[in-house]
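Beneath this line is the structure, given in structure tokens, with notes to follow.
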Amino acid sequence: MRLAADERFARLRLARTDRIGPVAFSQLLSRYSSAVRVLEVLPDLVRKSGAASIPPPVARIERELADGERIGARLLVLGDADYPEMLAALDPPPPVLWARGRVELLNAPCVAIVGARIASAGGQRIARGLALQLGQAGHVVVSGMARGIDAAAHEGALASGTVAVLGGGVDDIYPPEHADLYARLVDQGCVVSESPVGARAQARDFPRRNRIISGLSRGVVVVEAEIKSGSLITARLAAEQGRDVFAVPGSPLDPRAKGPNELLRQGAILCEGIEDIERAFHTLRTLRAPPSDPMDYGEVDDAFLDRVAALLSPTPTPRDEIARALNAPMGQVAAALLELSLAGRAELLPGGLASI
């Protein structure tokens with residue numbers, strides 16, 4: 001099923017509204033059933049809570065759509081039939097994606113390969129060879145088009161199909177020296193991004209990028225990574241999403257081996273070749289799915305908003321804990337947290353958590 005044109009436009013506009021991230025987006029759709037309706041009621045919510053969540057002008061969204069059309073990109077909206085199934089199972093899913101190239105690869109069986117930007121020759125050889133084998137076995141390789149391990153993984157899987165997830169817009173070639181790789185990915189693979197067309201990558205964009213890399217994939221392979229690296233963030237996100245985490249062991253003398261070796265100590269699956277990946281995939285694995293029952297949101301007044309806000313702290317707090325503390329229905333607490341987030345008084349986090 002394909003969403004109506006006005007609903008697709010409204011979902012893109014809602015996704016580009018300040019203070020409305022994936023969690024608030026999903027909860028607003030759950031509460032009001034459509035983005036068209038959300039945009040109708042948002043002014044009342046803004047007035048009620050003093051929110052700063054003003055939707056961008058229609059002209060800005062029309063310009064983004066025109067920019068996407070100009071470069072031959074395709075807009076994938078949550079709720080459309082062509083939206084990637086693995087991402088739709090996340091809690092919460094990215095509201096919209098832009099894609100260039102073979103969009104059908106996003107719904108194929110995917111495995112991510114990530115690792116150090118300053119990678120050893122041996123690490124790059126492992127990534128390239130593993131990607132080649134995975135492609136030959138029918139898997140699509142997902143990575144982030146960064147220097148080092150990412151680039152080697154894309155190179156190894158170009159012939160069979162590979163997906164690059166970018167932090168900036170789908171037309172943001174970073175690093176610049178990967179212009180040729182980017183062109184081949186658009187031609188033979190797929191490039192995807194959650195950011196608006198034309199956006200340049202900022203540091204805050206890469207955790208979102210990493211979440212999509214792991215979310216698209218059944219498993220994530222870490223080849224080389226230092227302890228504090230984006231690759232280990234991707235591995236953590238993969239574990240939280242119910243994906244398999246694989247680590248290629250390395251010499252304790254190489255700091256780039258500390259990340260994978262630490263993952264192995266934490267229970268990651270040893271990966272010395274594609275056989276280890278295939279063996280893990282043959283065991284039953286249940287991916288985390290979003291709640292199937294719609295939340296029955298309640299009405300809230302200013303006094304209740306203040307009571308909920310008083311229970312929040314910088315430490316993420318489960319909303320069911322807040323509901324118990326207030327002896328209030330979960331839907332009423334969820335509605336309060338949603339309005340507090342629109343006003344900038346709370347931050348909604350995956351897993352039913354909230355903080356300030």
Side-chain angles (χ1 to χ4, degrees), residues 21-23 84 86-87 89-94 97 110-119 123-124 126-127 130-131 141-154 163-168 172 174-175 192-195 199-250 254-271 277 287-288 314-316 347-353 355:
V23 178
M86 293 289 280
L87 288 184
L90 296 185
D91 180 20
L97 298 166
C110 294
V111 177
I113 299 178
V114 297
R117 286 173 168 81
I118 305 175
Q124 293 182 58
I126 290 170
L130 191 57
V141 171
V142 181
S143 198
M145 210 180 83
R147 299 179 180 96
I149 297 301
D150 288 21
H154 289 310
V163 173
V165 185
L166 307 186
D172 182 30
Y174 184 84
V192 66
S193 172
E194 190 178 2
S195 298
R200 295 294 169 253
Q202 308 291 324
R204 66 177 182 271
D205 296 321
F206 289 102
R208 294 189 301 125
R209 186 276 304 261
N210 295 342
R211 186 171 184 267
I212 293 174
I213 290 175
S214 57
L216 282 169
S217 309
R218 182 168 180 186
V220 173
V221 184
V222 179
V223 178
E224 288 182 338
E226 297 197 21
I227 290 294
K228 293 184 177 180
S229 68
S231 299
L232 292 202
I233 293 175
T234 306
R236 175 179 59 79
L237 292 168
E240 291 173 356
Q241 293 163 349
R243 275 56 170 168
D244 287 312
V245 177
F246 302 88
V248 176
D254 187 343
R256 290 167 294 204
K258 289 187 179 297
N261 290 350
E262 177 61 25
L263 289 175
L264 290 169
R265 279 191 285 271
Q266 294 175 4
I269 302 167
L270 177 73
C271 181
I277 298 173
L287 301 180
R288 180 181 300 168
T315 302
E347 181 180 2
L348 300 182
L349 304 169
L353 300 174
S355 66

Does any non-hydrogen side-chain atom of [Y] lie less than 4.5 Å from one of [X]?
| X | Y | answer |
| --- | --- | --- |
| Val192 | Leu166 | no |
| Ile213 | Ser143 | no |
| Ile277 | Leu130 | yes |

Can you check whether [Y]'s main-chain N or O pairs, donor with acceptor, with [X]'s side chain at less than 3.5 Å?
| X | Y | value |
| --- | --- | --- |
| Gln124 | Ala119 | yes |
| Asp172 | Gly167 | no |
| Arg243 | Ser217 | yes |

Under the salt bridge (Lys or Arg N to Asp or Glu O under 4.0 Å) test, which residues partner [X], sequence neighbours left out?
| X | answer |
| --- | --- |
| Arg208 | Glu194, Asp205 |
| Glu347 | none |
| Arg256 | Asp254 |

What do you reckon, is CZ of Phe206 surrounded by more than 12 foreign heavy atoms closer than 6.0 Å?
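Atom CZ in Phe206 is packed in, count exceeds 12.
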
Hey, is CD1 on Ile118 packed in by over 12 heavy atoms from elsewhere, all under 6.0 Å?
no

Within this structure, what is the [atom1]-[atom2] distance for the pair [X] and [Y], rounded to the nearest 0.5 Å?
| X | Y | atom1 | atom2 | value |
| --- | --- | --- | --- | --- |
| Asn210 | Arg236 | CG | CZ | 9.5 Å |
| Ser355 | Leu349 | OG | CG | 4.5 Å |
| Leu216 | Met86 | CG | CE | 8.0 Å |
| Arg211 | Ile233 | CZ | CD1 | 13.5 Å |
| Thr234 | Ile113 | OG1 | CD1 | 13.0 Å |
| Ser229 | Glu224 | OG | CD | 11.0 Å |

What closest approach, in Å, do [X] and [Y] show between heavy atoms, and which atom pair accounts for it?
| X | Y | result |
| --- | --- | --- |
| Pro207 | Leu237 | O-CD1, 4.0 Å |
| Val245 | Ala239 | CG2-N, 3.9 Å |
| Val142 | Val165 | CG1-CG2, 4.0 Å |
| Ala146 | Pro175 | CA-CD, 4.3 Å |
| Gly219 | Phe246 | CA-CE1, 4.1 Å |
| Pro93 | Leu87 | CB-O, 3.3 Å |

Only counting residues at least two apart or in another chain, list the ones meeting side chain to side chain contact (heavy atoms under 4.5 Å, CB included) with Ile126.
Val223, Val248

Side chain to side chain contact (heavy atoms under 4.5 Å, CB included) filter on Ala247, not counting sequence neighbours, yields Pro260, Leu263, Leu264, Ala268

Partners passing side-chain hydrogen bond (donor to acceptor under 3.5 Å, both in side chains) against Ser231 (at least two apart in sequence or in another chain)
none

